[in-house]
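Below is one structure, written out as structure tokens, with a few remarks after it.
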Amino acid sequence: QVQLVESGGGLVQAGGSLRLSCAASTRTFSSAAMGWFRQAPGKEREFVATITQNSITYYSDSVKGRFAMSRDNAKNTVYLQMNSLKPEDTAVYYCAKSRFAIGTNEVDDYDSWGQGTQVTVSS
């Protein structure tokens, strides 16, 4: 029942930054962990970051130190700040709501997904 809409993707030069947003339709969002995943052409959807309902974050090794996830429960929105972008970050980025409050790195642990937003990083 929760609808998620990502925005903020685009084309950026290597080394640049983008900020993705994910807006949820209801305040039910605030009780669950949220995640960001990405999928490049020909590859499986992979974990990027997750944030618990208490705003504790976890990141994949490939983005740790460059990306930062946050949430604003009053706005029913989560964010992914992406800095020092690399061409290998190019993918469709998906926002997702977890089945749990703690957050995990498994695709199957998330039960609501946005439509995705394209991020393209040129070299």
hydrophobic_cluster_shared for W36 and F100, side chain cutoff 4.5 Å
no

The residue among V63, V119, V48 that forms side chain to side chain contact (heavy atoms under 4.5 Å, CB included) with M82 is V119

Closest non-hydrogen atom pair, M34 against C22:
CE-SG, 4.4 Å

Test side-chain hydrogen bond (donor to acceptor under 3.5 Å, both in side chains) applied to E106 - qualifying residues, sequence neighbours left out
none

Over all atoms of both residues, closest heavy-atom pair of A101 and A33
O-CB, 3.4 Å

Whether Q115 side chain and E6 backbone form a donor-acceptor pair below 3.5 Å:
yes

Same apolar cluster (I L V M F W Y, side chains within < 4.5 Å links), V78/Y58:
no

Using every non-hydrogen atom in the two residues, find where S98 and A32 come nearest and quote the distance to one decimal.
O-CB, 3.8 Å

If two hydrophobic side chains count as joined below 4.5 Å and joins carry through other members, does L4 share a cluster with Y110?
no

Return yes if some donor-acceptor pair links the side-chain N/O of T77 with the main-chain N/O of K75 below 3.5 Å, else return no.
yes

Quick check: Y94 with F37 (ring centres under 6.0 Å apart)?
no

Suppose the criterion is salt bridge (Lys or Arg N to Asp or Glu O under 4.0 Å): which pairs have a residue in residues 107-116, not counting sequence neighbours?
K97-D111

Tell me the salt bridge (Lys or Arg N to Asp or Glu O under 4.0 Å) pairs involving residues 32-52, sequence neighbours left out?
R38-E46, R38-D89

Just do the side-chain contact (heavy atoms from CB on, under 4.5 Å) check on R19 and Y79 with the steps written out, would you?
CA-CA 7 Å; R19 182 184 183 234; Y79 305 94; 3.0 Å; yes

What pair of heavy atoms forms the shortest contact from A91 to A40, and how long is it?
CB-N, 3.8 Å

Within a strict 4.5 Å, meaning less than it, do heavy atoms of the F67 and L85 side chains meet?
yes

With a 4.5 Å limit on heavy-atom distance, are the side chains of I56 and I51 in contact?
no

Hydrophobic cluster membership, Y93 vs V121, 4.5 Å side-chain cutoff
yes

Residue list, side-chain hydrogen bond (donor to acceptor under 3.5 Å, both in side chains) with T120, at least two apart or on another chain
Q118

With sequence neighbours left out, what residues match S122 under side-chain contact (heavy atoms from CB on, under 4.5 Å)?
L11, Q13

For the CG atom of N105 and the OG1 atom of T50, what is their distance to the nearest 0.5 Å?
8.5 Å

Please identify each residue that fulfils side-chain hydrogen bond (donor to acceptor under 3.5 Å, both in side chains) with N83, with sequence neighbours left out.
S17, Q81

Quick check on the hydrophobic clustering: are W113 and L80 connected, directly or via other members, by side-chain heavy-atom contacts under 4.5 Å?
no

Gap separating the CZ atom of R71 from the OG1 atom of T57, nearest 0.5 angstrom:
11.0 Å

